[in-house]
Structure formats: structure tokens, C-alpha cells
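Heads up: the structure comes next, in C-alpha cells.
Within every chain, numbering begins at 1; the chains are lettered A, B, ... in the order of the sequence lines, protein sequences first and strands thereafter. Keep in mind that the numbers below use all heavy atoms, side chains included, and drop hydrogens, waters and symmetry copies.
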Number of protein chains: 2
Amino acid sequence: MSDIRRRANPLFLREEELRQAIELMFFAYRDFTRDADQVLESYNFGRAHHRVIYFVGREPGMSVKDLLNILSITKQSLSRVLSQLVDEDFIEQRTGSTDRRQRLLYLTAKGQNLEHELSKRQSQRIAEAYRLAGADAVEGFRKVLTGITDEKERFAHINEDSQE
Amino acid sequence: MSDIRRRANPLFLREEELRQAIELMFFAYRDFTRDADQVLESYNFGRAHHRVIYFVGREPGMSVKDLLNILSITKQSLSRVLSQLVDEDFIEQRTGSTDRRQRLLYLTAKGQNLEHELSKRQSQRIAEAYRLAGADAVEGFRKVLTGITDEKERFAHINEDSQE
DNA sequence: ATTTTATGTCAGCACTATTGACATATATGC
DNA sequence: GCATATATGTCAATAGTGCTGACATAAAAT
């Protein structure tokens, strides 16, 4: 029955298609984050901790300011999470050498272990999805997700390489 | 420099590729939900309200149980959100005819308006990303996101029809 | 010397989610 | 009909993440 409607009415198809995309985003993201959530639980951490661990791991020596920009949250929101991670020795802060106001962030060995543990499951999930979908699909996935992302954000995770 | 590493070391490519995917998921989802968040703010609602509005709109007459299953949250979590939506006349509850224990959920006219308002922006964002990426890319996007989603969930938004 | 920036901290509030406990109405199995 | 299971609701306590506002300090920049 929906097939008939679809053939007869391209607007219906379009609506269904977009609706499906919205749901895919919801379910995929939820399941994707669930992997890491389970690991985090055992450390009494949440997603915010994960994001800090992740981004500091990707770019060791980033300043608090950089981190706030990339996370799009306020310093007060970051404060608790970062303090916990520093107190519990997952992250180390070093005073900046050129600008001594800065606290540059680094993962400790403990922090790196956690980073790997968290990434492992998510990477496996993605790798499996990539493998099943094939190379062309992967390219499409990237194109569409990039298109969904605001332009400003698109730089955040591409820039560093291009400076080398 | 990273290009050389990539060519020389397939493992590096793979890691970078997966890392990029993880970040794409993070940024795309964040920007994607930001659209609706802005609308919700003016109603003093949060994302939980959005999800309820969305799923009830997709399947009018669903039971509270169905909704809990699809959202994967507890009834206590849903309680406040649903009560607010009912109190403020966005959602109507009707006693089930076959099972009078059930409270079947429907959007009121007001609820439908909000649903459209919320979906509009997200749909536009997706439609634009689809348009830019092209049909093949869209197919790849769907394949990969479906692969990322847990199998169980893949049924959740397909199943109900098959019971009728 | 003054202003701006990077960072931190305290306090209070909101939203979403959890678990546990208990209650009510209704359906179902025996 | 009675016992049990199910669908729903509610109260209470707790956790995680985010916000704004206010205030403070050190260091850089002008």
C-alpha cells in the first residue's frame, strides 16, 4: 500500500525518505554512544568525560580554550568534568611555555588507556559497518554527514593536518 | 607529511579513517539536533519532549509501553515529559479499546503544529545534505548508518506495521 | 598603567535520566 | 472466582550535563 502511494506521489517519498534519515541519525547515534557509555559507567564518568578524553587524546597540548571551542560548552560546564579527570590522574595540565596563562592538556598513561578502551568499541562498530557497506557507501556516508554538519565545524577536525 | 604516512601504512589510514568517522558522528549529530533545540527552547521543552512528539506523530495511537521501548528509557523518565505534553495539550491520551489498561497516545492539532515546526528544520538540513551529496551518497549514508545501528533497533521502527 | 585574555571557582538552576518502592486498574490463566 | 501478570502512574532520591551570573587571579597586550 505504501508502495502505491510512493509511486503516485513523489512528495510522499521525499517525506518518508527524510523521516527515515532523521530516525537513522537518532538510532545510530544512540547505539553508537552506548558502547562507550558502558565503559564509562565503570569509571563513574559520563559522556562529557569521554569527549574531553577524546579530544585531548587527538590533540595533546591543546589549551582549555581550544577544548571549550571544540566542545561548544561553557567553562563552568567543563570545570567539573576536567577537575575530576585531573584529580583522578587521567589528564595532566602543564603551564604553557609561550603563554603562561594557558593550561595545556595532556593525557596521562592512565588517560591513554581509557581513551583506547573507549575508542576500541566504537571503532570496531564503525569498521564493521564500513566493511559491510563497502567503500562507495563509506564515501557517501562521509559526504552526507559532512553536509549535515555546520560549515564552521567542518574545519575543526580537518585543520590540523593541513598545517603540516 | 600525513599523506606519506597514509600511503606507507595502511593501519594508519584505517585508524585515521575511523577517527574521522567518530568525529563526523559527533559533530553531525550535534549540529543536527541544534536546529530543533532552538525551537524547543521557546516552548521550554527539551529533547525528550521532541522525541515523544516525533514518535507519537509517526505512529498515532501507540501505547506508553511502545513509546518506552522505542525510546529505551524508563517510565519514570518519560513520566514528567509526557505529563507536561498532556497538560499543555500537545498530546492526548485515550484509553485503549481492546485493552483498557493502555493509554494510547495521539498528537493534538497543537502537537502536530509543533511536530511540523521541529521536523521542518531538520528535514531541510538533511534534504540539503542529500542534494549536495547525490543519490549514490545517500544510499551509502543509509547503508553505513544502518550498519552502525544495533540490529534490534532496526526492527523497532519497521515492526509495528507488520503486526497489523 | 590599564585593559584584555585565559583560567578557575562558587552558587544556583534546569533538564534528562536512573533506581527503588508502592499503588491502581485491567487482563489472563487456571 | 482467584491469583498472577501487565500497563500505567506516582513519589522520592540521586547522577550527569548543561546553563547563567558573579567574582578572582595571573599574565599578556596595548
query: Do the side-chain N and O atoms of Thr149(B) and Thr146(B) include a donor-acceptor pair separated by under 3.5 angstrom?
result: no
message: Between Lys120(B) and Glu117(B), does any side-chain N to carboxylate O distance fall below 4.0 Å?
response: no
task: Examine dG9(D): is either OP1 or OP2 under 4.0 Å from a nitrogen or oxygen in the side chain of Lys75(B)? Give yes or no.
output: no
- line: Judged by nearest nucleotide, the residue sitting upstream toward the 5' end of DNA chain D, Arg103(B) or Ile73(A), is Arg103(B)
- request: Is it possible for you to say whether Ile91(A) and Leu104(A) belong to one hydrophobic cluster, with membership spreading through side-chain heavy-atom contacts below 4.5 Å?
  value: no
query: Hey, can you pull the residues of residues 43-53 of chain B with a non-hydrogen atom under 4.0 angstrom from DNA chain D?
result: none
task: Flag the pair Glu115(A) and Lys110(A) as a salt bridge only when some basic side-chain nitrogen lies within less than 4.0 angstrom of an acidic carboxylate oxygen.
output: no
task: Go through dA6(C), dG9(D), dT18(C) for me and flag the one nearest to the Arg80(B) side chain.
output: dT18(C)
With Asp35(A), the salt bridge (charged side-chain N to carboxylate O under 4.0 Å, His left out) member among Arg121(A), Arg30(A), Arg125(A), Arg47(A): Arg125(A)
message: Whether Thr74(B) contacts dT18(C) is assessed here as follows: a side-chain N or O lying under 4.0 Å from the phosphate OP1 or OP2. Is that the case?
response: yes
- prompt: Is any side-chain N or O of Ser77(A) closer than 4.0 Å to OP1 or OP2 of dC19(D)?
  reply: yes
DNA chain D-proximal residues of residues 81-101 of chain B, any heavy atom under 4.0 Å: Gln93(B), Arg101(B)
- request: Starting at atom CG of Leu68(A), determine the distance to atom P of dT9(C), rounded to an integer number of angstrom.
  value: 13 Å
task: Give the minimum heavy-atom separation between Ala129(B) and Val144(A), together with the two atoms involved.
output: CB-O, 3.8 Å
query: Does the base of dG18(D) carry an N or O that pairs as donor and acceptor with the side chain of Gln76(A) under 3.5 Å?
result: no
field: Validation row, ring centre Phe90(B) to ring centre Phe45(B) under 6.0 Å
entry: yes
field: Presence of salt bridge, Asp99(B) and Lys65(B), under 4.0 angstrom
entry: no
